[in-house]
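Below, all heavy atoms of this structure are taken into account, side chains as well, without hydrogens, waters or symmetry copies. Proteins get letters first, then strands, A, B, ... in listed order; numbering begins at 1 in each.
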Amino acid sequence: MQQHALNLEDALQTYFQYDTFRIGQKEIIQDVLAGKDVLGILPTGSGKSICYQLPARIEEGLTIVVSPLISLMIDQVKQLKATNFKEVVAINSFMSPTERRNVYQNLVNYKLIYVSPELLQQQELLNRLKQIHVRLFVIDEAHCISQWGHEFRPDYLKLSATIKELNDPTVLALSATATPEVQSDIMNALEKPAMIKRIYPMDRENIAFILEEVSNDHEKIDRLISIFNTYHVPALIYFTSRLAAENTASILTQRLANRDVAFYHGGMEQVDRVSIQQQFMNDQLDIICCTSAFGMGINKSNIRLIIHFHIPLQLEAYIQEVGRAGRDGKSSVGVLLFSQRDAIIPNHIIQNELPDETDLKNVFHYLYTISQTETKNPVDEQIEEQLQLNENHWKFFKYQLEKHGMINNNYIVYQENDWKIAYHSIEQVIKQRMQYKEEKLHEVLSWVQSKNCLRKDLYQSFQSSYRQSMYQCCSNCGFSWNDWKPEKTNKTIEKNADWKERLKNLLLVGETHETN
DNA sequence: TTAGGGTTAGGGTTAGGGTTAGAGCCGGTGCCCTGCT
């Protein structure tokens with residue numbers, strides 16, 4: 001222990017060329033090295049990845065990093081390889097089957113692997129991992145467990161079982177935003193109630209908030225035009241609909257001269273997404289009209305404006321999205337354009353996010369019918385088609401059914417009593433989740449209509465204290481557009497930059513020189 | 001000559017039909033797999 005403590009700075013210098021640790025890093029690394037499970041909530045840009053990359057380098061054994069996006073894994077691996085760390089790999093569906101098999105067979109030669117929660121459920125990979133010494137199990141962007149696990153990506157909820165199967169390695173869950181509620185959800189899902197919490201504040205003192213109520217979308221567009229005619233700064237506009245993002249991008253392109261506008265959402269080809277992201281990072285695009293798909297892993301420091309054309313579904317999401325402004329600490333603004341009709345779309349999304357009671361009945365009926373045939377046919381994906389379930393709804397059911405032992409290895413196990421219990425349990429989960437989401441939306445709507453300080457109301461339920469604003473506070477505290485004089489973006493900075501820096505920028509997707 | 005690299009498509013999804021007028025009825029988030037030149 002003492003030995004480690006003395007040498008950590010040296011290791012940081014040797015492997016990452018930094019002289020000192022940033023806030024929280026050293027404490028987390030010491031905990032991890034001592035074999036303690038840690039939940040680390042560190043502000044974005046504070047170098048979360050050092051917290052596991054340093055231990056991975058100096059310790060024996062393998063470090064597994066569960067990452068939500070392939071693009072994030074690829075970024076990280078590129079950066080590490082650029083610093084001459086070769087024993088690292090991202091395993092995902094972009095790899096050919098041959099390539100993947102090779103990695104599986106040589107797992108013992110790696111010190112750090114990045115993998116999605118879905119792939120971690122595959123028996124072949126799991127079996128290989130069980131044969132080697134897994135030292136550290138990291139969940140990057142751990143809020144995904146809570147945010148996506150329950151309905152969208154249930155494999156996030158299976159991580160605790162995986163950790164047990166891997167002989168309980170040390171667990172490190174990292175995120176930039178997690179409310180106390182999300183924190184306990186993460187610890188519950190991982191079945192690690194005794195995790196050490198290393199929580200650092202997430203309020204942003206350099207972001208001012210403006211709330212503007214308008215009567216319809218036309219007025220919102222007019223407001224956008226007027227804002228962008230005054231300010232020439234890198235900006236994101238968030239939408240809850242892909243179509244609205246595309247349409248608005250096209251309107252802005254027509255009506256704003258000298259401004260490069262693009263849209264970005266999850267329905268686009270991967271290649272286009274990467275290209276848009278790159279152009280924005282390099283200041284070749286000024287404004288991105290996007291859905292919530294745009295965000296994780298974007299580390300552009302000089303975004304000055306985050307505009308919400310639609311309200312987000314939760315305040316947590318708002319904090320994450322608005323938090324992408326002013327990473328460089330300079331004065332930035334979050335604007336929310338609100339009209340009374342705006343609750344309709346989020347309501348639709350919440351109502352359709354989970355299957356309803358009819359779907360539940362149908363699934364049970366269908367499975368019962370099959371289980372009564374002599375051969376107990378395996379459950380196959382036909383069920384989606386038969387019962388007209390969408391993919392996410394079926395994934396939700398499948399997770400729940402497996403959890404209750406109704407499906408085992410794709411075979412139906414019929415036990416009348418267990419099924420009754422399972423039915424009521426799943427029914428309750430659906431109700432509770434929907435109610436939870438409705439409450440979260442209600443919080444957003446209350447915040448939007450609040451007359452109090454927006455900063456205070458936004459942060460106070462998430463952390464015990466919050467800092468005073470560095471520049472201006474919010475529209476409820478008297479801040480108006482006239483007060484805002486953002487620093488001008490200077491596109492020539494990039495052109496004059498040192499050639500090594502520019503080359504690095506080109507080679508490292510989504511990142512500048514900072515390891516994050 | 002062959003292996004490896006590169007590009008590309010589509011699947012997991014939705015949907016309704018007017019005569020009794022009267023104005024916006026809106027759908028987010030990602031993996032993985034198969035098969036193609």
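Comparing the same atom, P, in B:dT34 and in B:dA3 gives a spacing of 23 Å after rounding to whole Å. Separation of the C1' atoms belonging to B:dC26 and B:dG16 is 15 Å when rounded to the nearest angstrom. B:dG28 and B:dT2 have their P atoms separated by 49 Å, with the value rounded to a whole Å. Atom C1' of B:dT20 sits at a distance of 49 Å from the matching atom of B:dC31, rounded to the whole Å. On the C1' atoms, B:dT37 is 23 Å away from B:dG12, given to the nearest whole Å. Only the C1' atoms considered, B:dG11 is 11 Å distant from B:dC32, to the nearest whole Å. B:dG30 and B:dT13: their C1' atoms are spaced 15 Å apart (whole Å). When the P atom is used for both B:dG24 and B:dT14, the distance is 27 Å, rounded to whole Å.
We find that the ring of A:Trp148 and the base of B:dT29 do not stack by the test of centres under 5.5 angstrom and planes tilted less than 30°.
Residue A:Asn390 is classed as a sugar-phosphate contact, given heavy-atom separations below 4.0 Å to backbone atoms only. Heavy atoms of A:Leu72 sit nowhere under 4.0 angstrom from any nucleic acid atom. Within 4.0 Å (heavy atoms only), A:His218 reaches at least one base atom of the nucleic acid. Nucleic acid contact class of A:Glu353 (heavy atoms, under 4.0 Å, all strands): base. Contact annotation for A:Pro68: backbone-only contact, meaning every heavy-atom pair under 4.0 Å involves sugar-phosphate atoms and none involves a base. In this structure, A:Asp217 reaches neither bases nor backbone, as no heavy-atom distance under 4.0 Å exists between it and the strands shown. Heavy atoms of A:Arg341 sit under 4.0 angstrom from at least one base atom.
The OG atom of A:Ser71 sits 10.0 Å away from the CG atom of A:Asn92 when rounded to the nearest 0.5 Å.
A sub-4.0 Å separation between OP1 or OP2 of B:dC32 and a side-chain N or O of A:Ser93 is present. Close to B:dC32, at under 4.0 Å from its OP1 or OP2, lies a side-chain N or O of A:Ser116. Proximity of A:Arg242 to the phosphate of B:dT29: a side-chain N or O atom is located under 4.0 Å from OP1 or OP2. Regarding contacts with the backbone of B:dC33, a side-chain N or O of A:Gln122 is found under 4.0 angstrom from either OP1 or OP2. Under 4.0 angstrom from either OP1 or OP2 of B:dT29 there lies no side-chain N or O belonging to A:Arg273.
Atom CD of A:Gln131 has more than 12 neighbouring heavy atoms from other residues, nucleotides or ligands inside a 6.0 Å radius.
In this structure, the CD atom of A:Gln270 is 16 Å from the P atom of B:dG6, given to the nearest Å. Spacing between atom NE2 of A:His348 and atom C1' of B:dG27 amounts to 8 Å, rounded to whole angstrom units. Rounded to a whole Å, the CE atom of A:Met268 is 14 Å from the P atom of B:dG28. Rounded to an integer number of Å, the gap from CG of A:Leu354 to P of B:dT29 is 17 Å. Between the C1' atom of B:dT14 and the CG atom of A:Asp359 lies a distance of 14 Å, rounded to the nearest Å. We find that CD of A:Gln351 is positioned 19 Å from P of B:dC25, with the value rounded to whole Å. Spacing between atom NE2 of A:His143 and atom P of B:dT29 amounts to 15 Å, rounded to whole angstrom units. For A:Leu441 and B:dG28, the CG to C1' distance is 13 Å, given to the nearest whole Å.
Within the 4.5 Å cutoff, the side chain of A:Val138 has heavy atoms near those of the A:Leu136 side chain.
In this structure, A:Lys111 is not positioned above the aromatic face of A:Phe85 in the sense of NZ or CZ being under 6.0 Å from the six-membered ring centre and within 45° of the axis.
With respect to A:Asp37, the side chain to side chain contact (heavy atoms under 4.5 Å, CB included) criterion is satisfied by exactly one of A:Asp168, A:Val171, A:Ile163, A:Leu190: A:Val171.
By the 4.0 Å N-to-carboxylate-O rule, A:Arg433 lies too far from A:Glu353 to be salt-bridged with it. Ionic pairing of A:Lys395 and A:Glu151 is not present here: no N-O contact between side-chain nitrogen and carboxylate oxygen is shorter than 4.0 angstrom. The residues A:Lys440 and A:Glu181 are annotated as salt-bridged, a charged nitrogen and a carboxylate oxygen being separated by less than 4.0 angstrom.
Taking every side-chain heavy atom of A:Glu384 into account, B:dT13 is the closest of B:dT13, B:dT29, B:dC26. The listed nucleotides are B:dC26, B:dT29, B:dG28; the one nearest the side chain of A:His265 is B:dT29. Distances from the side chain of A:Ser292 to the nucleotides B:dG30, B:dG24, B:dG28 place B:dG28 closest. Among B:dT13, B:dG24, B:dG27, the nucleotide with an atom closest to any side-chain atom of A:Glu391 is B:dT13. Proximity note for A:Glu118 (side chain, C-beta onward) versus B:dC32, B:dG28, B:dC33: the nearest is B:dC32. Side-chain proximity of A:Ile345 to the nucleotides B:dG30, B:dC26, B:dG28 is greatest for B:dC26.
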If you write DNA chain B from 5' to 3' in dot-bracket form, with Watson-Crick or G-U pairs under 3.5 Å, [ ] for crossing pairs and | for pairs with another strand, what do you get?
...........(..................)......
Test ring pair (Phe, Tyr, Trp, His ring centres under 6.0 Å) on A:Tyr318 and A:His308 and set out the steps.
CA-CA 9 Å; A:Tyr318 185 73; A:His308 279 76; 4.7 Å; yes
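For the pair A:Asn216 and A:Ser241, nearest-nucleotide mapping onto DNA chain B gives the more 5' position to A:Asn216. Positionally, the nearest nucleotide of DNA chain B for A:Gly266 lies more toward the 5' end than for the other of A:Asn92 and A:Gly266.
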Run the side-chain donor-acceptor check on residues 113-121 of chain A: report pairs under 3.5 Å with partners two or more places apart or on a different chain.
from	atom 1	to	atom 2	distance (Å)
A:Tyr114	OH	A:Tyr52	OH	3.1
A:Tyr114	OH	A:Gln53	NE2	3.3
A:Tyr114	OH	A:Gln76	OE1	3.1
A:Ser116	OG	A:Leu119	N	3.1
A:Glu118	OE1	A:Arg153	NH2	2.8
A:Glu118	OE2	A:Arg153	NE	2.8
A:Glu118	OE2	A:Arg153	NH2	3.2
A:Gln121	NE2	A:Thr162	OG1	3.4

